[in-house]
Amino acid sequence: FWGWRLLAPDLRGFGGSTDERPDDAAPSIDDYADDIAGLVREVAGMPVVLGGLSMGGYVAFALMRRAPSLVRALI
């Protein structure tokens with residue numbers, strides 16, 4: 001039996017997080033995708049089922065483009 005673990009990351013600059021970039025440039029979709037890639041590597045350590053809605057969908061597509069080996073399926 002496989003258990004499921006749900007992660008709902010707080011992208012930098014949203015919710016309770018802060019953007020720790022030294023410049024005033026807003027994070028890009030690719031920056032967010034890199035953040036998610038780091039989270040997947042650190043927490044899951046294996047390919048994940050990734051879901052994204054609205055802007056999260058763009059982040060999911062960017063992650064698929066940048067690190068397809070981290071995504072088992074896309075919702």
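In what follows, residues are counted from 1 in the order of the sequence shown.
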How many angstroms lie between CE in Met64 and CG in Leu74, if you round to the nearest 0.5 Å?
5.5 Å

Shared hydrophobic cluster for Tyr58 and Val40 (ILVMFWY, side-chain gaps under 4.5 Å)
yes

Out of curiosity, Ser69 OG to Met46 CE, how far, rounded to the nearest 0.5 Å?
13.5 Å

Do Val59 and Val43 belong to the same hydrophobic cluster, where Ile, Leu, Val, Met, Phe, Trp and Tyr are linked whenever their side-chain heavy atoms lie under 4.5 Å apart, directly or via other members?
no

Going through the distances and angles, do Val48 and Arg72 end up as a side chain to side chain contact (heavy atoms under 4.5 Å, CB included)?
CA-CA 5 Å; Val48 298; Arg72 179 178 177 187; 6.0 Å; no

Is the shortest heavy-atom distance from the side chain of Val71 to the side chain of Pro47 under 4.5 Å?
no

In Å and rounded to the nearest 0.5 Å, what is the CG to CD1 distance from Leu50 to Ile75?
8.5 Å

Measuring from atom CD1 of Ile36 to atom CG of Leu11, what distance do you get when rounded to the nearest 0.5 angstrom?
5.5 Å

Determine the minimum heavy-atom distance between Trp4 and Val49, stating which atoms define it.
CZ3-CG2, 4.1 Å

Sole residue of Arg65, Arg12, Arg66 in salt bridge (charged side-chain N to carboxylate O under 4.0 Å, His left out) with Asp34:
Arg66

What's the verdict on side chain to side chain contact (heavy atoms under 4.5 Å, CB included) for Arg5 and Leu7, showing C-alpha distance, side-chain angles and the deciding distance?
CA-CA 7 Å; Arg5 183 176 189 183; Leu7 300 175; 4.2 Å; yes

Shortest non-hydrogen contact between Ala62 and Ala33, atoms and distance:
CB-CB, 3.7 Å

Candidate pair Ile29 and Phe61, rule side chain to side chain contact (heavy atoms under 4.5 Å, CB included), full reasoning:
CA-CA 9 Å; Ile29 295 296; Phe61 286 138; over 6 Å; no

Nearest-0.5 Å distance that lies between atom CG in Asp35 and atom CG in Asp31:
7.0 Å

